[in-house]
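Here the structure is laid out as structure tokens; the discussion comes afterwards.
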Amino acid sequence: MPIFRQLEENARLYPDETALVEINPSFEPKSRITWRDYALMQPIPGEPFRREITWMDFDVKANRFANLLYTRGIKKGDKVAILLMNSIEWLPIYFGILKAGAIAVPLNFRYTAEEIRYCLRKADASLLIFGPEFIGRIEEIYDRIPFIKQMYYVGEDCPSFADSYDRMIDFCRSKQPEDMGITEEDDAVIYFSSGTTGFPKAILHTHRSLTHAMNCEQAHHHQTHEDVFLCIPPLYHTGAKMHWFGSLKVGGKAVLLKGVEPQWIIKAASEEKCSIVWLLVPWAQDILDSIENNEINLSKYDLSAWRLMHIGAQPVPPSLIKRWLKVFPHHEYDTNYGLSESTGPGCVHLGIGNVDKVGAIGKAGFGWETKIAREDESPVERGEVGELYVRGPAVMKCYYNDEEATRETIASDGFLKTGDMAMEDPDGFIYLVDRKKDVIISGGENLYPVQIEDFIRANPAVKDVAVIGLPDSRLGEIAAAIIEVKAGSTLSEDEIRDFCLGLPRYKRPRRYIFADVPRNPTGKIEKPVLRERYCGEELVRQQIES
């Protein structure tokens, strides 16, 4: 079924129950009232701290936007781009696009003006809806995006080159829009890859992909109508949205938290009685550090409803989960693996109850198949390293307008090549070794940065680490560790060298660089940025030394 049918069902079954809550801690009232009590008060104009909508509100807002699009000439298959920060308007707009039979095109809020222009052109978008944070960037490219025929602005003080979404939406019909005859095989969304390996690719998915992602999430984490999901990552990304789809499946409440400070996460989980929280590795580390540093006193919070913590979007250090379960021993834990090409997380997952396998990404998810293969696509023996392939109902239809990249990524038998190197243990659990493009070949030996990073993260002074290959005249490449030290801690090069004596000699980094480790909004280390920053420096250093 088209994914928006589930929204309509929730509006029928739970019309007056809360669907979405938005919390903006930047505008938290100074009084000591709870966040839930604050919802009963009159918010300060222009400073919304807590907003919420019911399932009926949600569906009506989606209907209104669908009807607006219909009256403005948007046809089935047209592309509508979304450039918004997380907000209570985001999901109703997304579902309104789908109800209109159009294709939603969420855009990364960190894109530069030129990247926005590139993605709008790549996706053949004809309409853009954007928020106040992006006025300057849109102004930069306004005269170079003539293919964008309409623009809608969400917020106060609408710029002259756009129409006000807030003003126009109230005049649109609230009833279900005209039936466009949409089926699960129809195109639904274009997501963009994270761009960690160059310009982002446009990934086309059908309604079937979205519906399967919803069923997969609920099958993995057993959401019920009573569960409350705390959503922190950006909604433009498949990770956050597909995890929220588990709440959509059962009509459960979700809380959109606009901020990642540890205190905000813990307070939101306490005040809103959240039972499921999805975190990225840096956020989980920051929460544990804040607890250990007595910046967070857990006795002041009621976290009794919190039953599941899960992590995805990047390799998870086993040491982090061991720390977490010492602090929160009653938590269920899962890790989720996926790509935007597989409609986000879920094609592989660890599985609740498999804590003894922490470090693995798990086994094939609900409705998915996996294999680990050589360059010729033949499967490797168990225990050997190869590229991870996945196959299932939520594999992308294609890279939009890029037949060559599609052929390179989807094998003839329908398996999706993930680009991740992996191995399978005797029990059938899959372990990521590294990104295929990140493997370092040093003196003929293959070095897998994730393995080295996991080892170094176990040092109590290390907040984050990234291992990259730097050019070397003798070995071809050497491993370099960029290390971000925890605030209040110290770590010298001699100390980390001594610590790394626990690694086999050939895996020990040849260089140590103490600096911040950049990550994109979905938590992935931006290794191309690090290579660009340090590879040139290494060549100069070698020339000087020679």
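In this chain, residues are counted from 1 in sequence order.
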Gap separating the CD1 atom of Ile430 from the CD atom of Glu424, nearest 0.5 angstrom: 5.5 Å
Nearest heavy-atom pair of Leu204 and Ile190: which atoms, and what distance? CD1-CG1, 3.7 Å
Identify which one of Leu280, Leu350, Leu320 satisfies the side-chain contact (heavy atoms from CB on, under 4.5 Å) criterion when paired with Ile311. Leu320
Does the ring center of Trp278 lie less than 6.0 Å from the ring center of Phe229? no
In terms of heavy-atom contacts, Ala269 and Leu230 come closest through N-CD2, 4.3 Å
With a 4.0 Å cut-off, would you call Arg323 and Glu292 a salt bridge? yes
Check the pair Ile478 / Arg511 against side chain to side chain contact (heavy atoms under 4.5 Å, CB included), numbers first and verdict last. CA-CA 8 Å; Ile478 57 171; Arg511 280 203 64 197; 4.2 Å; yes
Take the angle between the ring planes of Phe455 and Phe499 and call it parallel below 30°, perpendicular above 60°, tilted in between. tilted
Please report the closest heavy-atom contact between Ile452 and Lys507, naming both atoms and the distance. CD1-O, 3.3 Å
Can you find a side-chain donor-acceptor pair between Asp494 and Ser492 that sits under 3.5 Å? no
For Arg508 and Leu503, indicate whether the former's side chain and the latter's backbone hold a donor-acceptor pair under 3.5 Å. yes
Got a second to check how far Asp402's CG is from Glu408's CD, nearest 0.5 Å? 8.0 Å
Distance to the ring centre below 6.0 angstrom and angle to the axis at most 45 degrees; does that hold for Lys371 and Phe415? yes
Has the side chain of Ser209 got a donor or acceptor atom that lies under 3.5 Å from a matching backbone atom of Thr343? no
Given Lys486, which partner from the list Asp289, Asp286, Asp464 fulfils the salt bridge (Lys or Arg N to Asp or Glu O under 4.0 Å) test? Asp289
Contact check, side chains of His207 and Glu185, non-hydrogen atoms, under 4.5 Å: no
Nearest-0.5 Å distance, CG of residue Leu303 to NZ of residue Lys273: 8.5 Å
Donor-acceptor pair, distance only, cut-off 3.5 Å: does the side chain of Lys249 make one with the backbone of Met214? no
To the nearest 0.5 Å, atom SG of Cys274 lies from atom NZ of Lys267 at 13.5 Å
Please determine if Glu272 and Lys253 form a salt bridge, counting it only when a charged side-chain N lies under 4.0 Å from a carboxylate O. yes
Side-chain heavy-atom pair Tyr337, Leu432 within 4.5 angstrom cut-off: yes
Tell me, do Pro518 and Leu530 make a side-chain contact under 4.5 Å, heavy atoms counted? yes
Donor-acceptor pair, distance only, cut-off 3.5 Å: does the side chain of His237 make one with the backbone of Gly239? yes
So, Thr211 side chain and Met1 main chain: donor-acceptor pair closer than 3.5 Å or not? yes
Is it the case that the ring center of His310 lies less than 6.0 angstrom away from the ring center of His243? yes
Where do Thr224 and Val250 come nearest, in terms of heavy atoms and distance? O-CG2, 3.2 Å
Test your reading of the model: is there a side-chain donor-acceptor pair from Ser270 to the backbone of Ile266, 3.5 Å cut-off? no
Expected output: side-chain Glu477 to main-chain Ser442 donor-acceptor under 3.5 Å: no
Is the backbone N or O of Lys201 less than 3.5 Å from a side-chain atom of Ser193, with the two atoms forming a donor-acceptor pair by type? yes
Is the closest side-chain donor-acceptor distance between His222 and Gln218 under 3.5 Å? no
So, are Arg110 and Glu115 salt-bridged, with charged N and O less than 4.0 Å apart? no
Side chain to side chain, Leu235 and Ile82, heavy atoms closer than 4.5 Å: no
Parallel, tilted or perpendicular: ring planes of Phe328 versus His330, cut at 30 and 60 degrees: perpendicular
Ion pair check, Asp187 and Lys79, cut-off under 4.0 Å: no
Would Val529 and Glu532 satisfy side chain to side chain contact (heavy atoms under 4.5 Å, CB included), going step by step from the backbone distance to the final call? CA-CA 5 Å; Val529 172; Glu532 182 178 354; 5.8 Å; no
Give a yes or no on whether Lys357 atom NZ has more than 12 heavy-atom contacts from other residues, nucleotides or ligands under 6.0 Å away. yes
Quiz item: cation-pi between Lys122 and Tyr400, 6.0 Å / 45°: no
Pro262 versus Ile296: any side-chain heavy-atom pair under 4.5 Å? yes
N-O pairing of Glu341 and Arg391 below 4.0 Å: no
Of all the heavy-atom pairs spanning Tyr236 and Leu107, show the shortest one and how long it is. CB-O, 3.4 Å
Is a side-chain donor-acceptor pair under 3.5 Å present for Tyr333 with Asn354? no
Looking only at non-hydrogen atoms, find the nearest pair between Ala373 and Val380 and report the distance. C-CG1, 3.9 Å
With a 4.5 Å cut-off on side-chain heavy atoms, are Leu416 and Tyr389 touching? no
Below 30° counts as parallel, above 60° as perpendicular, anything between as tilted: where do the rings of Phe95 and Trp244 land? perpendicular
Please examine the side chains of Tyr111 and Phe109, heavy atoms only from C-beta on, and report whether any two atoms are closer than 4.5 Å. no
Assess the residue pair Glu377 and Lys417 against the criterion (salt bridge (Lys or Arg N to Asp or Glu O under 4.0 Å)); give the C-alpha distance rounded to whole Å, side-chain angles, the decisive distance to 0.1 Å, and a yes or no. CA-CA 9 Å; Glu377 300 184 10; Lys417 303 176 183 180; 3.2 Å; yes
Examine distances only and state if a side-chain atom of Arg307 and a backbone atom of Ile276 form a donor-acceptor pair shorter than 3.5 Å. no
Side-chain heavy-atom pair Ile440, Pro449 within 4.5 angstrom cut-off: yes
Mark yes when over 12 heavy atoms from residues, nucleotides or ligands other than Arg121 sit less than 6.0 Å from its CZ; otherwise mark no. no
Taking atom types as modelled and ignoring hydrogens, do the side chains of Asp334 and His349 form a donor-acceptor contact shorter than 3.5 angstrom? yes
First locate atom CG of Asp420, then atom CG of Leu388, and finally report the distance between them rounded to the nearest 0.5 Å. 6.5 Å
Any donor-acceptor pair under 3.5 Å from Trp324 side chain to Lys326 backbone: no
Carboxylate-amine/guanidinium contact Arg382 Asp425, below 4.0 Å: no
Start with the C-alpha distance between Lys397 and Thr406, add both sets of side-chain angles, then the distance that settles side chain to side chain contact (heavy atoms under 4.5 Å, CB included), and finish with yes or no. CA-CA 9 Å; Lys397 183 175 180 178; Thr406 302; over 6 Å; no
Set out, in order, the CA-CA distance, both residues' side-chain angles and the distance that settles side chain to side chain contact (heavy atoms under 4.5 Å, CB included) for Val189 and Leu98, then state yes or no. CA-CA 8 Å; Val189 292; Leu98 300 183; 4.2 Å; yes
CG of Asn215 to CD of Gln6, rounded to nearest 0.5 Å, is 8.0 Å
